[in-house]
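Just so we're clear, the structure is a prediction, and the values are computed from it rather than from any experiment. Within every chain, numbering begins at 1; the chains are lettered A, B, ... in the order of the sequence lines, protein sequences first and strands thereafter.
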Amino acid sequence: MHDIRAVRADPAAFDNALIRRGARACSSDILSQDERRKQAQAALQEKQARRNALAKEIGQGKRTGADTSALEAEGTTLRDEMAALESEAVAADLAARSLLEALPNTLDADVPDGASEDANMVIQQHGQRPVLPFEARQHFELGEALGQMDFANAAKLAGSRFTVLRGGLARMERALGQYMLDLHTRQHGYSEMSVPFLVNDAAVYGTAQLPKFAEDLFRTTDGRWLIPTAEVPLTNLAAGEVIPEAELPWRLTALSACYRSEAGSAGRDTRGMLRQHQFQKVEMVSITTPENSDAEHERMTRCAETVLESLGLVFRRIVLCAGDTGFGAAKTYDLEVWLPGQQAWREISSCSNCRDFQARRMNARYRSKDGKTIGHVHTLNGSGVAVGRALIAVMETHQQADGSILVPEKLVPYMGGVERISA
RNA sequence: GGAGAGAUGGCCGAGUGGCUUAAGGCGCACGCUUGGAAAGCGUGUGUGCGCGCAAGCGUACCGUGGGUUCGAAUCCCACUCUCUCCGCCA
């Protein structure tokens, strides 16, 4: 959600920011609704002031036994006039609001231009693509050969885009989640949280999945939503709060299941467990002051990179271009891991600075140290990292000629000492 | 799921139609007092929106959303959440 004051202050700049996003320039529509609201509100408030004075006068009249019928008649007239003005003000406010809330966040100046993911820029590659002395297999080939990755049974239980894991791979999924949580809580200063996986409308609106992206989500019969990421419950912990600056930054992490309808991705990544309706992810969320969000963004991305480095994975950091940056983000780094079996870079983490965009929607604020000013916080979220995709990457990266998987050193303690997964 | 009670400012708490745009207390801030402190005294102390260079003025907000009324924290309706008891349950 944008600040209407930013539109008033510089409509041309506001429109240019939208055009850069591929959105329609609409500052004049917003401003005319805003003007309409202000006029109605000013007129309404004048009437309200008169009504308050009248009511006081009538009250005094009743006590002294004076005749107040003329005043009461004026009050009745006023009431009807106010009702009309109020609905006018509300309608204009709603119109301005719905225009504003449909607009994507403003991009940071250093986000590269471009319409699609082809224009994303690689910032840095970590590690070299391994050259295996045998033909690398894809994770589902490895997993099915091990008898530990079962898509047929998953389809029987739930349909396509689900996976059943067994034995060592099931355990490695658990190990990965535990390992990442421990890393972020012990080394990176995050607080471990356990949060609801079902949330209400307000929460999903706050992080801006609603109203535009409802079709990407699963909805329960009692009107709740399955979270597509723990970003939703974690970030909304700040909703409606005024946080003392001394408490910031909040650094929160949680392991959660994530549910996505994948409505728009028919036919994409249908084999294997790369794109699922349900997957696990460790999420990091930071709530900061505006001055600190840039540094926090870099820091958070490093926290995610540390996970991949410590698992011996090859990956690169890219900055998403204007057209590929998500609706709520001002700037996003994706981490793409190299999958030797698939011979492709695949997203495994996405770290975004949303600045005050989500904070405005959920009214998350902070009070400055001197107590004098109140402002919206900046919110950031990042995967640290997607557990299912980390499992895939570990399998494809550390596969052996015989189809077994070497367990990365850091995971061995979480695997009860098991160093290799074999059939 | 059944029965009952409740939701008021940073906190406690009064308030069943006008003298409450919320008493009183606590906390906090500033000042006076003091050798210094405590106590005491005084003043101030929310958020949004509109107008204004500003000081300030107006207006809305007593869980949320509607309604009745000249006038609603107070009356009516719906919903949400909390607590107590009962039932069920990992």
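Listed nucleotides: B:C70, B:G58, B:G48. Nearest to the side chain of A:Ala55: B:C70. For A:Arg51, the side-chain atoms get nearest to B:A60 when compared with the rest of B:C70, B:A60, B:U47. In the set B:G58, B:A60, B:G46, the nucleotide with an atom closest to the side chain of A:Arg367 is B:G46. In the set B:G58, B:C70, B:U47, B:U47 carries the atom at the smallest distance from any side-chain atom of A:Ile374. Taking only side-chain atoms of A:Arg79, from C-beta outward, the nucleotide of B:U47, B:C49, B:C70 with the closest atom is B:C70.
Distance check on atom P: B:A54 versus B:A38 gives 38 Å, rounded to whole Å. Comparing B:G10 with B:G46, their P atoms are spaced 9 Å from each other, to the whole Å. Comparing B:G27 with B:A90, their C1' atoms are spaced 43 Å from each other, to the whole Å. Across B:U21 and B:C57, the matching C1' atoms stand 14 Å from one another, rounded to whole Å. To the nearest whole angstrom, the two P atoms, one in B:U47 and one in B:A22, are 15 Å apart. Comparing the C1' positions of B:G50 and B:U43 gives a spacing of 29 Å, expressed to the nearest Å. For the P atom pair drawn from B:C30 and B:A37, the interatomic distance equals 13 Å after rounding to whole Å. When the C1' atom is used for both B:A60 and B:G4, the distance is 35 Å, rounded to whole Å.
Distance, A:Asp67 CG to B:C70 C1': 13 Å, rounded to whole Å. The CG-C1' distance, from A:Asp80 to B:U69, rounds to 12 Å in whole Å. Look at CZ on A:Arg365: it is 14 Å from P on B:G46, rounded to the nearest Å. Going from atom CD of A:Glu35 over to atom P of B:C51 covers 8 Å, rounded to whole Å. At whole-Å resolution of the value, NZ in A:Lys47 and C1' in B:G71 are 17 Å apart. One atom, CG of A:Leu85, and another, C1' of B:A60, lie 15 Å apart when rounded to the nearest Å. Spacing between atom CD of A:Glu86 and atom C1' of B:C61 amounts to 13 Å, rounded to whole angstrom units. Straight-line distance from the CZ atom of A:Arg37 to the C1' atom of B:G50: 8 Å, rounded to whole Å.
As judged by a 4.0 angstrom heavy-atom cut-off over every strand, A:Lys62 is placed among the base-contacting residues. Among the atoms of the strands shown, none is found under 4.0 Å from any heavy atom of A:Arg50. A:Arg8 comes within 4.0 angstrom of sugar-phosphate atoms only, judged by non-hydrogen atoms across all strands, and of no base. In this structure, A:Ile58 reaches the bases: a heavy-atom distance under 4.0 Å links it to at least one base atom across the strands shown. Heavy atoms of A:Gly75 sit under 4.0 angstrom from primed sugar atoms or phosphate atoms, though from no base atom. At a threshold of 4.0 angstrom between heavy atoms, the contacts of A:Gln41 include nucleobase atoms, whether or not backbone atoms are also involved.
The pairing partner recorded for B:C11 is B:G25, the criterion being a Watson-Crick or G-U wobble arrangement whose two distances lie under 3.5 angstrom. With a 3.5 Å ceiling on both atom-pair distances, B:U69 lacks any Watson-Crick or G-U wobble partner. Nucleotide B:C57 forms a Watson-Crick or G-U wobble pair with B:G50, both donor-acceptor distances falling under 3.5 Å. B:G17 makes up no base pair with any nucleotide shown, lacking Watson-Crick or G-U wobble contacts both under 3.5 Å. Pair check for B:G40 finds B:C32; Watson-Crick or G-U wobble, both atom distances under 3.5 Å. Under the Watson-Crick and G-U wobble criteria, each requiring two contacts below 3.5 Å, nucleotide B:G1 is paired to B:C86. Across all strands shown, B:C81 pairs with B:G6; the Watson-Crick or G-U wobble distances both stay below 3.5 Å.
Put simply, the side chain of A:Ser98 gets close to the backbone of A:Ala95: a donor and an acceptor are under 3.5 Å apart.
Residue A:Lys38 places at least one side-chain N or O closer than 4.0 Å to OP1 or OP2 of B:C51. Of the side-chain N and O atoms in A:Asn52, one or more sit less than 4.0 angstrom from OP1 or OP2 of B:U59.
Electrostatic pairing of A:Asp269 and A:Arg161 does not count as a salt bridge here, judged by no charged N lying under 4.0 Å from a carboxylate O.
A side chain to side chain donor-acceptor pair (under 3.5 Å) with A:Asp334 holds for exactly one of A:Ser383, A:Ser350, A:Ser349; it is A:Ser350.
If A:Ala42 and A:Glu74 are placed on RNA chain B by their nearest nucleotide, the residue sitting closer to the 5' end is A:Ala42. Each of A:Thr76 and A:Asn363 was assigned the nucleotide of RNA chain B with the nearest heavy atom; the assignment lying further toward the 5' end belongs to A:Asn363.
In this structure, CD in A:Glu74 is found 12.0 Å from OG in A:Ser69, a value given to the nearest 0.5 Å.
Taking the six-membered ring for Trp and thresholds of 30 and 60 degrees, A:His188 and A:His184 have ring planes inclined between 30 and 60 degrees apart. Using the six-membered ring where Trp is involved, A:Tyr333 and A:His297 have ring planes that are parallel, under 30° apart on the 30 and 60° scheme.
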- Task: In sequence, state the C-alpha distance, the side-chain angles, and the governing distance for A:Leu31 and A:Phe14, and then conclude on side-chain contact (heavy atoms from CB on, under 4.5 Å).
- Result: CA-CA 12 Å; A:Leu31 288 177; A:Phe14 185 81; over 6 Å; no

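With 3.5 Å as the limit, one finds no donor-acceptor pair spanning the side chains of A:Gln358 and A:Arg361.
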